[in-house]
Amino acid sequence: MASKADIERAIAEARGVWNNPFNLGTRGFWAFFDAMFDRFVSAGPERVDELRRLADATGGPVLDGTPGSLGLLDDWLRVAVVAGADWDDGADWLPVWTRVTEPWPLPRGMRWPEFLRLEERVAFYFADVLMSQLPGAKWVCWRDERFNTNRTGD
């Protein structure tokens, strides 16, 4: 039979593992990523405003939140990204979902930080337009029922 000290030590070890946000398979792990997801989603309105200001300042389309604006946005992005737009978006942050700033060369030298920020802003705008057309739609942090599986499409 385990002593009281052994039981207390086992509880303390379990608690330490359980609360460790970087230990896969723990509630602490999910709490950490839930917080990151909440941080990401909460930035949405600001990112959409930033995209609208950037489009306005660079001769892009009027982003009025309608499905028709998505095609105009796509056309503008093709020109901007392929042409290697050299704008300074005035920001110094990277999206919460990335830490990579220079994974491979971009077309015609567009800088990675601006590209990653643009990608996040466009994703939020796209989601806003879709959610306005689909009542009840919302952001969801998807998880596979098999713990520690982060691939989609299985």
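Values below: all heavy atoms of this structure, side chains included; hydrogens, waters and symmetry mates excluded.
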Distance, nearest 0.5 Å, that separates [atom1] of [X] from [atom2] of [Y]:
X      : Y      : atom1 : atom2 : value
Leu94  : Glu120 : CG    : CD    : 9.5 Å
Leu72  : Asp64  : CG    : CG    : 8.5 Å
Phe126 : Met131 : CZ    : CE    : 10.5 Å

* What is the ring orientation for Trp139 with Phe124, classed by angle as parallel under 30°, tilted 30 to 60°, or perpendicular over 60°? ->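 Geometry flag for Phe124 against Trp139: tilted rings.
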
* To do: Identify the heavy atoms of Val122 and Leu51 that sit nearest to each other, and give their distance.
  =>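 Shortest heavy-atom separation between Val122 and Leu51 comes out as CA-CD2, 4.0 Å.
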
* Asked: If you take all heavy atoms of Ala55 and Leu63, which pair is closest and at what distance?
  -> CB-CD1, 4.1 Å

* Is a salt bridge present between Arg117 and Glu114, judged by a nitrogen-to-oxygen distance below 4.0 Å? ->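 Yes.
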
* Asked: Would you call Arg78 and Asp74 a salt bridge, using N to O less than 4.0 angstrom?
  -> yes

* To do: Just grab all the side chain to side chain donor-acceptor pair (under 3.5 Å) pairs involving residues 124-137, residues at least two apart or on different chains.
  => Ser69-Tyr125

* Asked: Under a single-linkage definition using a 4.5 Å side-chain heavy-atom cutoff for Ile, Leu, Val, Met, Phe, Trp and Tyr, are Val62 and Leu77 assigned to the same hydrophobic cluster?
  -> no

* Structure fact -> Sequence neighbours excluded, the answer for salt bridge (charged side-chain N to carboxylate O under 4.0 Å, His left out) partners of Glu50 is Arg47, Arg121

